[in-house]
Amino acid sequence: MHPDLTLLAGRPIIIGAGLAGLMAALELAPRPVIVVTKAPLGEGCASAWSQGGLAAAIAADDSPELHLADTLAAGDGLCDEAAARRIIEAGPEIVDRLVGLGVQFGRNEAGAFKLKLEAAHCRRRVLNAGGDGTGAEIMRAVIEAVRRTPSITVLEGVAALDLVMGDGVEGVVVASGSQTSVLPSRAVVLATGGLGGLWLHTTNPAGALGQGLAMAARAGAELVDLEFVQFHPTALDVGRDPMPLASEAIRGDGAVLIDETGTRFMAGQGRAELEPRDVVSRAVWQRLGEGHRVFLDTRAAFGADLPKRFPGIVAACRAAGIDPVTAPMPIRPATHYHMGGIAVDARGRTSLAGLWACGEAASTGLHGANRLASNSMLEAAVTGVAVARDLAGRSVARVGSTLRPRPAPAPDAAGLLAVRSAMSAHVGVLRDRAGLAQALAALMPIATGQSAAAGPAMVGLMIAAAAWRRTESRGGHTRTDFPARDPALAQRRPLTLAEALALAEAITGRSGQPRNRIASAGD
């Protein structure tokens, strides 16, 4: 544990060290702030893995209005238009901010940004770096800026376990190994990223298990739109966990999807391979379900230039014994991004006093039912800054705590595997009533236990409950028993843990309440 932990009491705490969390920390400078991260900086966060890039309307033939129209179309009727407009209009400013931090986006010989076209965008508006290394380049520059900012204290190798609740948030229970302690604070930001690790096939870091959502839910916060999970259609099916990603930009530049017979099965379907991700994922999933294998074919579009354009993807293929210059890449859909999350307002405030959320852990309304490619990096940077600006105007009194934190829960590999198996089998690309009921029954006893798998199971249970409740198909949520959109359900739907458990009990006939891990400051 950090030797000066007691001296940090009362400072704002940011949990998570991806792009959203670190941008918030930088924006707060010179105000002292703590960043808590289980992994070393730059590791274990999806931001550093981003291949495609960051979408922003900066081209001469582009505009925020065009970007907004594409975002609303991809969101399938569920975007918060005001939130989407606010974030998209901040795009040019955030690009300037990142360049100022030292991010080296790709440029042409004239010095202008190279902008890529990605699926469901009507213009080239995606900034990238190193071909398929955009996230790594952005995080390199941001981490260097954090390292040289003395007001930011980074606690690496420290896991956040729970929120301490009193009259609002009063601190965070943290652990280093088996040792637990409390960081008292009345201002906590959850920037914990996504939850793709709840499924067996994912492009997310293995530790992406929805920790921030579990902490917020246990504390009583509202979550929203949990059923909307994006399955990226082109994860490399080469036997790795997590799965390497074949960037959207490859299809934007002409790569096509084929099956083992060479049939381009998306030809004639709207924009073909450039349809929104939910459409492409369902098409790939259906093809796989028919007994075919599916491949991403770059040979005609790139030829021998592929290694120069996308070196990371080529390296992943060659490590698996595949040369994508001469052979198509085997792919399948994999959990990639969560459109739902902790409900927040325009300033990033949650339903609990003293708690903010930003990045993928939050649900701002930008993405609606389906995220437009490369809007996530934009959202992470913009919302991190917005949360910091709101928090900067608040006084955070120094607080103490008499809480004696419980020991950190023991690892539970078997429980986590059971969670991942249930989510993959029943809460995947295609869902139905019977499968969701089975998922709820499998997740309930784990979610209400005390092992380390309880948090992931709790988040999975809430996703399954939200999916059960939405009796339609829209964006990243497809019910085979309700295949049409229902106009009456074109609204965002909040959910609390108590509501999800009550629904699960009614559906499964099993009773169970989570054993309380949330303690008040007076305990």
Side-chain angles (χ1 to χ4, degrees), residues 1-45 47-48 90 93-94 96-103 138-160 163-164 168-174 176 181-193 212 347-350 353-359 361-362 380-401:
M1 189 60 65
H2 194 284
D4 298 321
L5 205 60
T6 57
L7 302 179
L8 303 178
R11 297 184 185 185
I13 299 170
I14 298 170
I15 303 172
L19 180 59
L22 296 188
M23 289 298 286
L26 288 169
E27 185 68 18
L28 280 168
R31 183 174 183 172
V33 63
I34 304 164
V35 175
V36 176
T37 172
K38 187 174 182 179
L41 282 186
E43 299 180 19
C45 68
S47 298
E93 176 189 348
I94 213 69
D96 289 343
R97 178 71 185 276
L98 291 171
V99 171
L101 290 174
V103 176
I138 291 174
M139 291 303 293
R140 176 202 62 77
V142 171
I143 288 169
E144 288 179 3
V146 167
R147 294 288 195 199
R148 60 177 180 262
T149 303
S151 60
I152 302 174
T153 299
V154 181
L155 301 181
E156 296 177 270
V158 176
L163 298 171
V164 179
V169 174
E170 297 196 357
V172 180
V173 180
V174 296
S176 181
S181 188
V182 173
L183 278 174
S185 177
R186 296 189 188 275
V188 176
V189 178
L190 292 174
T192 49
R347 297 164 295 187
R349 297 182 184 181
T350 73
L355 184 67
W356 289 257
C358 56
V382 170
T383 59
V385 170
V387 161
R389 289 175 178 172
D390 186 57
L391 199 158
R394 292 171 59 94
S395 174
V396 181
R398 183 180 176 91
V399 294
S401 176

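Sequence positions, counted from 1, serve as the residue numbers for this chain.
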Is there a side chain to side chain contact (heavy atoms under 4.5 Å, CB included) between Leu98 and Val142 once you walk through the steps? CA-CA 8 Å; Leu98 291 171; Val142 171; 4.2 Å; yes
Listed by chain and number, what are the side-chain contact (heavy atoms from CB on, under 4.5 Å) partners of [X], not counting sequence neighbours?
X      : answer
Ala145 : Leu26, Leu101, Arg148
Ala353 : none
Ala357 : Leu190, Ile342, Val344, Thr350, Ala362

To the nearest 0.5 Å, how far apart are [atom1] in [X] and [atom2] in [Y]?
X      : Y      : atom1 : atom2 : result
Ser176 : Leu155 : OG    : CG    : 9.5 Å
Thr383 : Met23  : OG1   : CE    : 10.0 Å
Ile138 : Ile143 : CD1   : CD1   : 11.5 Å
Ile34  : Leu8   : CD1   : CG    : 4.5 Å

Which heavy atom of [X] sits nearest a heavy atom of [Y], and at what distance?
X      : Y      : answer
Ile13  : Ser185 : CD1-CB, 3.6 Å
Ser47  : Leu19  : OG-N, 3.0 Å
Val36  : Ala159 : CG1-C, 4.5 Å
Val33  : Pro12  : CG2-O, 3.4 Å
Glu156 : Pro40  : OE2-CA, 3.2 Å

Residues Val174, Val182; criterion side chain to side chain contact (heavy atoms under 4.5 Å, CB included); working and verdict: CA-CA 6 Å; Val174 296; Val182 173; over 6 Å; no
Going by atom type alone, with no hydrogens or angles, which donor-acceptor pairs under 3.5 Å involve a side-chain atom of residues 384-391 and a protein atom two or more places apart or on another chain?
unit_1 : atom_1 : unit_2 : atom_2 : d
Arg389 : NE     : Glu27  : OE2    : 3.0
Arg389 : NH2    : Glu93  : OE2    : 3.3
Asp390 : OD1    : Arg349 : NH2    : 3.0
Asp390 : OD2    : Arg349 : NE     : 2.7
Asp390 : OD2    : Arg349 : NH2    : 3.4
Asp390 : OD2    : Trp356 : NE1    : 2.8

Under a 3.5 Å distance rule, please check whether Thr149 uses its side chain to pair with a backbone N or O of Ser151 as donor and acceptor. no
Using modelled atom types only, decide if a donor and an acceptor are shared between the side chain of Arg140 and the backbone of Gly102 within a distance under 3.5 Å. yes
Does anything in residues 14-24 form a salt bridge (charged side-chain N to carboxylate O under 4.0 Å, His left out)? List the pairs, not counting sequence neighbours. none
Test of understanding: with side chain to side chain donor-acceptor pair (under 3.5 Å), list the residues that count as partners of Glu43, not counting sequence neighbours. none
What's the verdict on side chain to side chain contact (heavy atoms under 4.5 Å, CB included) for Val35 and Val146, showing C-alpha distance, side-chain angles and the deciding distance? CA-CA 10 Å; Val35 175; Val146 167; 5.8 Å; no
